[in-house]
Amino acid sequence: MTSGIHHVTAVTANVQRNVDFYAGFLGLRLVKRTGGFEDAEQLHLFYGDQLASPGSLITFLVWPDGAHGRVGLGQVSEIAFAVPLASIGGWLQRAMAAGIPFTGPARELGEPVLRLRDPDGIIVKLVGADLPADAPLPDPMAPTRIRAVTLLTEDAEATGAFVARFGYSVALRDGPFIRMQSDRDVVDIRQSAGFVTGGPGAGIFDHVAFRAPDVDAVRQMRLDLRDHEGVTHVHDRKYFFSLYVREPAGTLIEYATDAPGFLLDERAEDLGSGLFLPDNALHRAADLQVMLPQFALPGAPRRPIRTLDFSHRFYDPADPDGSVIVLLHGSGGTEADLMPIAAAANPRATLIALRGRATEEGSLRWFRRFGAGQYDQADIRAEAAAFAAFMEDLRTGYGIAISDVTFLGYSNGANFIAAAMRLYPQLATRTVLLRAAEVLEGAPAVALDHVPITLILGRNDSFLPEGQRLAAALEAAGAQVQVTLLPAGHGLDPHEAAAVAEAFSGAVPSDAPQS
């Protein structure tokens with residue numbers, strides 16, 4: 001019977017730092033990049049040995065700048081990779097040189113261990129154990145395969161009995177630990193009664209997957225667990241078939257086949273080079289290519305990473321024309337929402353997508369509101385000041401000046417940029433506002449001399465009068481205002497990109513009424 005760990009999945013908040021640690025520092029190979037099977041707008045990265053062998057794989061769901069979770073009961077708390085026994089000293093030197101937080105080396109359960117923390121705070125242990133790799137990596141010190149995972153549980157006996165279903169048996173008991181062993185690796189179950197319960201988020205393991213010999217074994221496991229609470233049906237994950245279940249203490253476990261494997265759609269030499277999407281998301285391929293976060297592999301050209309006041313991400317086209325579009329999402333949206341519209345309107349533009357810092361009942365916004373039509377004027381002004389500073393940081397940190405930029409905002413984001421440029425006229429540049437409304441009270445008298453501003457409004461939008469009022473206010477300030485009316489409500493229209501492209505070009509749609 002095939003047994004052992006298939007892969008382990010965690011969550012990262014910073015894709016570039018994640019790639020730099022796992023593909024750069026550790027030397028694993030990035031073997032696959034996909035859109036998530038549960039959410040195609042979520043990037044999923046897979047690292048492993050040279051041929052993506054089951055048992056070597058650690059995978060990451062990417063939540064850009066996501067909130068961090070909490071390590072606790074009902075979770076995988078650590079992953080351990082086997083490295084050549086003689087390499088532990090070399091890894092210590094590498095960690096010191098790279099500034100990687102570490103402790104040790106020490107002996108744990110009879111093995112030499114160097115304990116590291118990745119950029120999200122995840123514990124990665126390097127265990128000195130001469131375990132052969134199925135497909136060795138080029139670096140002779142590189143990890144060969146997964147050695148272990150550690151599970152935190154308030155009932156180690158119950159968790160151990162459940163893990164035994166997947167081909168493990170008790171090999172060692174040491175204090176709070178029960179070590180379960182398969183024919184390839186171990187699972188360390190730590191009795192941790194009194195710990196807090198784990199919480200999901202960045203820097204947290206999502207699940208551990210154990211190896212199934214074939215699809216029939218997965219289906220049989222589903223039948224065997226039919227009375228177990230929380231078991232899922234069999235899923236086709238393209239590269240393997242699997243089901244999910246929580247063990248009695250709450251840790252999420254997946255049971256996954258080796259086949260068809262990650263060479264299904266890429267040659268061995270090309271593993272990890274393309275982006276693959278679930279079949280049900282292929283109709284959105286063009287949008288997702290833009291929305292999913294970009295990153296650079298070790299040694300490849302890259303942008304600098306800057307920590308600025310507003311969370312932001314770039315999209316760099318293959319053939320940039322030098323134009324830059326700064327995107328501001330609507331209420332409850334994310335920084336990725338407008339990226340497909342902007343890319344469709346100008347495929348050669350560099351996109352900078354920003355995230356609003358205000359929240360309302362869990363939804364992202366650009367400023368607070370007190371109720372319908374009642375906006376926190378102090379918050380608008382405070383956030384506008386921060387935004388003006390951010391735009392100056394773009395100039396100094398990335399070499400992007402206001403003169404290079406077009407703003408594209410939707411709803412709350414459009415309202416915000418319209419207010420900000422009147423509070424800070426140095427922000428005034430070509431701007432396209434989708435479904436905007438006037439939110440600024442007591443706007444200062446400023447001169448927006450001939451700044452081109454296009455408002456794309458919906459004929460059926462209840463905010464249309466407020467949009468028209470904003471257009472009049474901007475025109476009174478001296479802006480060159482163009483209003484385009486679409487047969488739409490407040491939501492974005494399927495033909496929005498065409499209207500945005502016309503606004504970028506300065507053209508007036510022949511059939512677009514103006515105000």
Side-chain angles (χ1 to χ4, degrees), residues 4-12 14-34 43-62 76 78-84 87-88 90-92 94-95 97-98 100-102 113-149 184-185 203 205-209 211 239-240 256 258 261-263 266 268-276 295-300 302:
I5 295 167
H6 185 283
H7 67 267
V8 184
T9 294
V11 180
T12 179
N14 189 303
V15 65
Q16 187 60 67
R17 291 192 175 102
N18 183 266
V19 171
D20 288 345
F21 180 84
Y22 287 93
F25 175 74
L26 279 187
L28 298 175
R29 184 179 184 186
L30 178 65
V31 293
K32 193 67 63 175
R33 58 183 91 180
T34 75
L43 184 63
H44 195 173
L45 300 182
F46 297 74
Y47 305 91
D49 67 11
Q50 197 65 11
L51 294 178
S53 307
S56 73
L57 300 165
I58 183 168
T59 91
F60 283 89
L61 302 168
V62 179
V76 176
E78 302 174 331
I79 186 171
F81 286 98
V83 296
S87 72
I88 287 291
W91 278 109
L92 174 62
R94 286 188 183 183
I100 303 294
F102 70 91
V113 172
L114 181 66
R115 188 180 294 255
L116 312 172
R117 284 194 180 270
D118 82 356
D120 290 289
I122 287 173
I123 295 176
V124 177
K125 298 193 297 187
L126 301 182
V127 178
D130 291 324
L131 301 176
D134 292 321
L137 293 159
D139 183 353
M141 284 176 50
T144 56
R145 64 200 209 199
I146 294 173
R147 169 58 179 156
V149 293
R184 283 184 57 91
D185 50 46
F205 289 100
D206 184 73
H207 66 270
V208 56
R211 295 173 70 180
Y239 308 107
F240 48 84
D258 287 1
F262 290 89
L263 291 171
E266 283 183 299
E269 58 269 33
D270 297 329
L271 279 173
S273 61
L275 174 66
F276 294 89
F295 58 88
L297 289 172
R302 63 176 62 192

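A quick note: this is a predicted structure, and the numbers were derived from the prediction, not measured.
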- [ ] Determine whether the side chains of Asp258 and Tyr239 contain a donor N or O and an acceptor N or O closer than 3.5 Å.
- [x] no
Pair up each side-chain donor or acceptor in residues 25-32 with any protein partner under 3.5 Å, not counting sequence neighbours, and list the distances.
unit_1: Arg29; atom_1: NH1; unit_2: Gln50; atom_2: O; d: 2.7
unit_1: Arg29; atom_1: NH1; unit_2: Ala268; atom_2: O; d: 3.0
unit_1: Arg29; atom_1: NH2; unit_2: Ala268; atom_2: O; d: 2.8
unit_1: Arg29; atom_1: NH2; unit_2: Glu269; atom_2: O; d: 3.3
unit_1: Lys32; atom_1: NZ; unit_2: Phe262; atom_2: O; d: 2.9
unit_1: Lys32; atom_1: NZ; unit_2: Asp265; atom_2: OD1; d: 2.7
unit_1: Lys32; atom_1: NZ; unit_2: Glu266; atom_2: OE1; d: 2.8

Hey, is the main chain of Asp49 close enough, under 3.5 Å, to the side chain of Ser56 for a donor-acceptor pair?
yes
Return yes if some donor-acceptor pair links the side-chain N/O of Asp118 with the main-chain N/O of Asp120 below 3.5 Å, else return no. yes
Can you find a pair of side-chain heavy atoms, one from Val11 and one from Phe205, that are under 4.5 Å apart? no
>> Between Trp91 and Ala142 (side chain of the first, backbone of the second, donor and acceptor by atom type, cut-off under 3.5 Å), is there such a pair?
In response: no
### Message
In terms of relative ring orientation, are His7 and His207 parallel, tilted or perpendicular, with 30° and 60° separating the classes?
### Response
perpendicular
In terms of heavy-atom contacts, Val127 and Ala80 come closest through CG2-CB, 3.7 Å
Taken to the nearest 0.5 Å, the spacing of Arg117 CZ from Lys125 NZ works out to 12.0 Å
Closest non-hydrogen atoms of Pro84 and Pro140, given as atom of the first, atom of the second and distance, are CG-O, 3.4 Å
CZ of Arg147 to CG of Leu126, rounded to nearest 0.5 Å, is 13.5 Å
Of Ile146, Leu116, Leu131, the one forming a side chain to side chain contact (heavy atoms under 4.5 Å, CB included) with Phe81 is Ile146
Taken in chain and number order and not counting sequence neighbours, the residues that satisfy side-chain hydrogen bond (donor to acceptor under 3.5 Å, both in side chains) with Arg17 are none
Thr144 and Pro132 have their tightest heavy-atom pair at CB-C, 4.2 Å
Self-check item: Side chain to side chain, Leu43 and Phe295, heavy atoms closer than 4.5 Å
Solution: yes
Here the gap from Thr59 atom OG1 to Phe46 atom CZ, rounded to the nearest 0.5 Å, amounts to 5.0 Å
Practice problem: Answer yes or no: is there a side-chain heavy-atom contact under 4.5 Å between Arg115 and Ile123? | Solution: yes
Practice task
Decide if the gap between the ring center of Tyr22 and the ring center of Phe60 is smaller than 6.0 angstrom.
Solution key: yes
Rounding to 0.5 Å, atoms CG (Leu61) and CG (Leu45) come to a distance of 9.0 Å
Check: Does the distance from a Lys or Arg side-chain N to an Asp or Glu carboxylate O, for Arg94 and Asp139, drop under 4.0 Å?
Finding: yes
Review point. With ring centroids as reference points, do His6 and Phe240 lie under 6.0 angstrom apart?
Key: yes
#### Entry: Donor-acceptor under 3.5 Å (Asp185 side chain, Ile5 main chain)
yes
*Sub-3.5 Å donor-acceptor pair from the side chain of Glu78 to the main-chain atoms of Val124, do we have one?*
no
Residues Leu137 and Pro143: closest non-hydrogen pair is CD1-O, 3.7 Å
What one should report as the nearest heavy-atom pair of Pro298 and Val19 is CD-CG1, 4.0 Å
Q) Do Gln16 and Arg302 have side-chain heavy atoms sitting under 4.5 Å apart? A) yes
